[in-house]
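Proteins come first, then strands; the chains are lettered A, B, ... in the order of their sequence lines, and each starts at number 1.
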Protein chains: 2
Amino acid sequence: MPATIVDIKEKTGLSLATISKYLNGGNVLPENKVKIEAAIKELHYEVNEIARGLVTNKTRTVGILVFSVVSPFTGMILHHVGSALRKSGYGMLIVDSCDDEEIERKNVKYLISKKVDGIIVLPVASKGDFLAPAKNAGIPIVLIDRSLSDIQYDCVRIDNRKATYNAMKEVLTRNHKKVAVIASEREYTGRERFNGFMDAMRNAGLDVPVEYQVRGTHSIATGYNGMKKLMTLKDRPTAVFMSNYEITLGAMLSMNEEGFQCPDDVSLIGFDDQLFFHLLQPQIYMVEQPMKAMGERAVELLLGRISGAVDEDPMEIALGTKLQRGTSIKTLDP
Amino acid sequence: MPATIVDIKEKTGLSLATISKYLNGGNVLPENKVKIEAAIKELHYEVNEIARGLVTNKTRTVGILVFSVVSPFTGMILHHVGSALRKSGYGMLIVDSCDDEEIERKNVKYLISKKVDGIIVLPVASKGDFLAPAKNAGIPIVLIDRSLSDIQYDCVRIDNRKATYNAMKEVLTRNHKKVAVIASEREYTGRERFNGFMDAMRNAGLDVPVEYQVRGTHSIATGYNGMKKLMTLKDRPTAVFMSNYEITLGAMLSMNEEGFQCPDDVSLIGFDDQLFFHLLQPQIYMVEQPMKAMGERAVELLLGRISGAVDEDPMEIALGTKLQRGTSIKTLDP
DNA sequence: TACAATGAACGAAACGTTTCGTTTATGCAA
DNA sequence: TTGCATAAACGAAACGTTTCGTTCATTGTA
């Protein structure tokens, strides 16, 4: 029903090749250009991307493989990645791994079958074998936020360990000695941040007793239960580092519930500013990730790989973070 | 490079038509079936969806047009819609309207150019003209959550007005007379819920002074500022209804900040349970939407339209809600 | 004036499927 | 045996583009 390039051919008397050339930005005589444009307007012609894809072997669509589509972190990344892609004329086919490695594995195959031009991954698995089918199919891959332990892919993220290490200085220079951590231990970021925390403590010559090391998952429940547990210890910490948004949220809920005050009862420092912590009183010290830049750099890199403009070995891009200062850290007597 | 149906043809000696028939579930002789399956395995053949799409004029992909991809409500819908679609072999091409009607309008055209088989919409606009191009192209459309004012499309949602009306009974039977509302006025749901609130008050013979009617946007800021304003009135309300998740979150932050206690200082009732309110103390009364059912029904309906199994006039499906009872409403003396 | 060089237009083949109308093979009844 | 009905296989066309190698026209140069 919709007009095709053949209709344009008949209306203008030109050949398919010439019209195709025009459509793809090639040079045609001014008079022909006018004819073609008139015909296009009159017939409401639009190129059929499917037919085009069949011959070019490109879909102008990239697959986005996310560990979970309900996380606010994911939502924000999707927002920025989506804008950047659209600006370049690409669409995004999103698949949700539901925090399940088996689903993630299937999703990769699905994206391949959909012939996406590239894949952006926020992985759930820590190892990279699930991406092998895509790699073998020659599909460019860029990771965001989380590196893989056994194989290197292009990855845009922050230096989690260092960022945590630096953030911890804010606590340590205020003479805190008894500092606890609540961190996720299942993904890359949680482990790195935990390590950064331990680095800082070790470097300050401070010990971290096991009951101060709360490990869990990337969830509100981990923060909630973790904080509850910490605050019922006989020997409470004077400060707590929380490794991500969900954990921070959970921890704060628990504090509100128990009536603990920050920073009077305990000092807090967290990760992943999601805007709304700005509204909180007290304002929490927070490591802010450059979400927009991460999304944009990842897209830029992926499109570079797709076009062939980038052909070096896989690279890890670590972007800078910013510490949102607040009022949540108390200065103790030396 | 990847194997095609022609390779299978040559390996088996059968015709393209027969192999295609097999691939699409048709009957072939057992011996041929064996031959074909062997060849497929040996050559790692997978059907090229692009080529198939060119002749069938189907992409097995549906477009998802969301008002904002960063909202947790959207994330949850995406999760359920995505699962349901995948179960039926469909993928989702997601486009983000960034709460902007102009972008939304462009996105519709983009989805059409991508030849999606159907579109699921969480609209930002209140009027439906932006969907006209898709309708004219014969692409089935299903709305979720928000109806349009001027034209009827298939829509899966709840009865916001009634749900609010019923929820308000919990407040009114506890003898509250001075009840305020914080509601978004820009989208369908906010307006309906506001109306439901006013219905309930009117029906109880109660007046709602204008300073008790806070209208704003679907945002944390509206809830935060709204609650702050309400609690500084000389004549404070004894209860507040909050029309959605973000507003509820903002309102609670403000209360925590000011040190107001719920339900001692003010009773609260909200909308959109997002799991994590379960963790809160006190537990807030919340109208819970059937997110999973909404996503699944919408997909079911859309696929029905696509296949032609459903061909009645557009329908509005209003699913039932559930009131999560809590401890956030105080019983006043009569 | 002839010839080379340049640039635009052209025709046909190709991309990998599905589908339509026809032919071939099979089984059964007359 | 012949004829007929049924089921499976077949060949060819079609889907709407891009692209390759070639032809044609124009301009500039010797």
Side-chain angles (χ1 to χ4, degrees), chain A residues 1-40 43-61 89 112-117 137-138 306-308, chain B residues 1-40 43-61 89 112-117 137-138 307:
Chain A
M1 206 57 181
T4 76
I5 203 176
V6 175
D7 298 322
I8 307 285
K9 163 198 161 103
E10 273 155 17
K11 179 128 275 167
T12 59
L14 296 166
S15 74
L16 293 183
T18 303
I19 299 163
S20 172
K21 193 174 170 191
Y22 165 84
L23 290 173
N24 293 286
N27 271 337
V28 298
L29 291 181
E31 47 182 303
N32 291 334
K33 191 166 171 179
V34 171
K35 275 194 217 166
I36 295 175
E37 280 167 355
I40 287 180
L43 301 174
H44 300 109
Y45 170 77
E46 285 175 35
V47 2
N48 182 325
E49 297 286 349
I50 308 291
R52 174 180 276 176
L54 181 58
V55 22
T56 60
N57 222 358
K58 291 265 170 281
T59 52
R60 290 203 146 257
T61 301
I112 298 171
S113 82
K114 281 293 192 176
K115 298 254 184 287
V116 293
D117 294 344
I306 290 174
S307 71
Chain B
M1 206 59 183
T4 76
I5 205 176
V6 175
D7 298 322
I8 307 284
K9 164 198 162 107
E10 272 155 18
K11 180 128 275 167
T12 60
L14 295 166
S15 74
L16 292 183
T18 303
I19 298 163
S20 172
K21 193 174 170 192
Y22 165 83
L23 290 173
N24 292 286
N27 270 337
V28 299
L29 291 181
E31 46 182 305
N32 291 334
K33 190 167 171 179
V34 171
K35 275 195 216 165
I36 296 175
E37 282 167 355
I40 287 180
L43 301 174
H44 300 110
Y45 171 77
E46 284 175 37
V47 2
N48 182 324
E49 298 286 349
I50 308 291
R52 173 181 277 174
L54 180 58
V55 23
T56 60
N57 222 357
K58 291 264 170 280
T59 53
R60 290 202 145 259
T61 300
I112 297 171
S113 82
K114 280 293 192 176
K115 297 252 184 290
V116 294
D117 295 344
S307 71

Asks: To the nearest 0.5 Å, tell me how far T12(A) OG1 sits from D7(A) CG.
Replies: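 The CG atom of D7(A) is 10.5 Å from OG1 of T12(A), to the nearest 0.5 Å.
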Asks: Ignoring hydrogens and angles, tell me if any N or O in the side chain of T59(A) forms a donor-acceptor pair with the backbone of K115(A) under 3.5 Å.
Replies: yes
Asks: Please round to 10 degrees the angle between the axis of the first five pairs and the axis of the last five pairs in the helix from dT1(C)-dA30(D) to dA30(C)-dT1(D).
Replies: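 It comes to 60° between the two terminal axes.
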Asks: Which of these nucleotides, dC20(C), dG16(C), dT19(D), is closest to any side-chain atom of N48(B)?
Replies: dG16(C)
Asks: Could you tell me whether L14(A) contacts a base, only the sugar-phosphate backbone, or nothing, with contacts defined as non-hydrogen atoms closer than 4.0 Å?
Replies: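 Sugar-phosphate contact only - L14(A) comes under 4.0 Å of backbone atoms but never of a base.
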Asks: Specify the closest pair of heavy atoms between A137(B) and I112(B), including all atoms of both residues, with the distance to one decimal.
Replies: CB-CG2, 4.4 Å
Asks: Is it the case that more than 12 heavy atoms not belonging to E46(A) sit under 6.0 Å from its CD atom?
Replies: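 Result for CD/E46(A): open.
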Asks: Rounded to whole angstrom units, what separation is found between the CD1 atom of I8(B) and the C1' atom of dG16(C)?
Replies: 12 Å
Asks: Both S15(B) and P2(A) contact DNA chain D. Taking the nearest nucleotide for each, which residue is further toward the 5' end?
Replies: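 It is S15(B), whose closest nucleotide lies nearer the 5' terminus.
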Asks: What integer distance in Å separates E10(A):CD from dG11(C):P?
Replies: 13 Å
Asks: Ignoring hydrogens, what is the shortest heavy-atom contact between K114(A) and R60(B)? Give both atom names and the distance.
Replies: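 Looks like NZ-O, 3.1 Å.
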Asks: In whole Å, what is the span from the CD1 atom of I19(B) to the P atom of dC10(D)?
Replies: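 After rounding, the reported distance stands at 8 Å.
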Asks: I5(B) side chain: which of dC15(C), dG16(C), dT17(C) is closest?
Replies: dT17(C)
Asks: Quick one: L16(B) CG to dG16(C) C1', roughly how many Å, whole number?
Replies: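 From L16(B) CG to dG16(C) C1': 9 Å.
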Asks: Please report the C-alpha distance between I36(B) and K21(B) in whole Å, then the side-chain angles of each, then the deciding distance to 0.1 Å, and finally whether the side chain to side chain contact (heavy atoms under 4.5 Å, CB included) criterion is met.
Replies: CA-CA 11 Å; I36(B) 296 175; K21(B) 193 174 170 192; over 6 Å; no
Asks: Output the single nucleotide from dT17(D), dC15(C), dA9(D) whose closest atom is nearest the side chain of V47(A).
Replies: dT17(D)
Asks: I want to verify a distance call: between dT18(C), dT17(D), dA8(D), whose nearest atom is closest to the K21(B) side chain?
Replies: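 Within the option list, the nearest is dA8(D).
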Asks: Answer yes or no: does a side-chain N or O of Y22(B) lie under 4.0 Å from OP1 or OP2 of dT18(C)?
Replies: no
Asks: So T4(B), base contact, sugar-phosphate only, or nothing? Heavy-atom distance under 4.0 Å.
Replies: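 It contacts sugar-phosphate atoms only.
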Asks: L54(A) has an atom CG; how far is it from atom P of dC15(D), in whole Å?
Replies: 14 Å
Asks: Where the side chain of T18(B) is concerned, which of dC10(D), dG16(C), dA8(C) is the nearest nucleotide?
Replies: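 So the nucleotide nearest the side chain must be dC10(D).
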Asks: Does dT18(D) have its OP1 or OP2 closer than 4.0 Å to a side-chain nitrogen or oxygen of T56(A)?
Replies: no
Asks: Could you tell me how far apart I50(B) (CD1) and dT18(D) (P) are, to the nearest whole angstrom?
Replies: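 Those two atoms, CD1 and P, are 14 Å apart.
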Asks: Residues from residues 24-35 of chain A sitting under 4.0 Å of DNA chain C, heavy atoms only?
Replies: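 Nucleic-acid contacts, sorted: N27(A), V28(A), L29(A), N32(A).
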Asks: Keeping S20(A) on the side-chain end and L16(A) on the backbone end, is there a donor-acceptor pair under 3.5 Å?
Replies: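 Judged by distance alone, no pair lies under 3.5 Å.
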Asks: Round to a whole Å and report the spacing from CD of E49(B) to C1' of dC15(C).
Replies: 16 Å
Asks: Using whole Å, report how far CD1 of I36(B) lies from P of dA8(D).
Replies: 13 Å
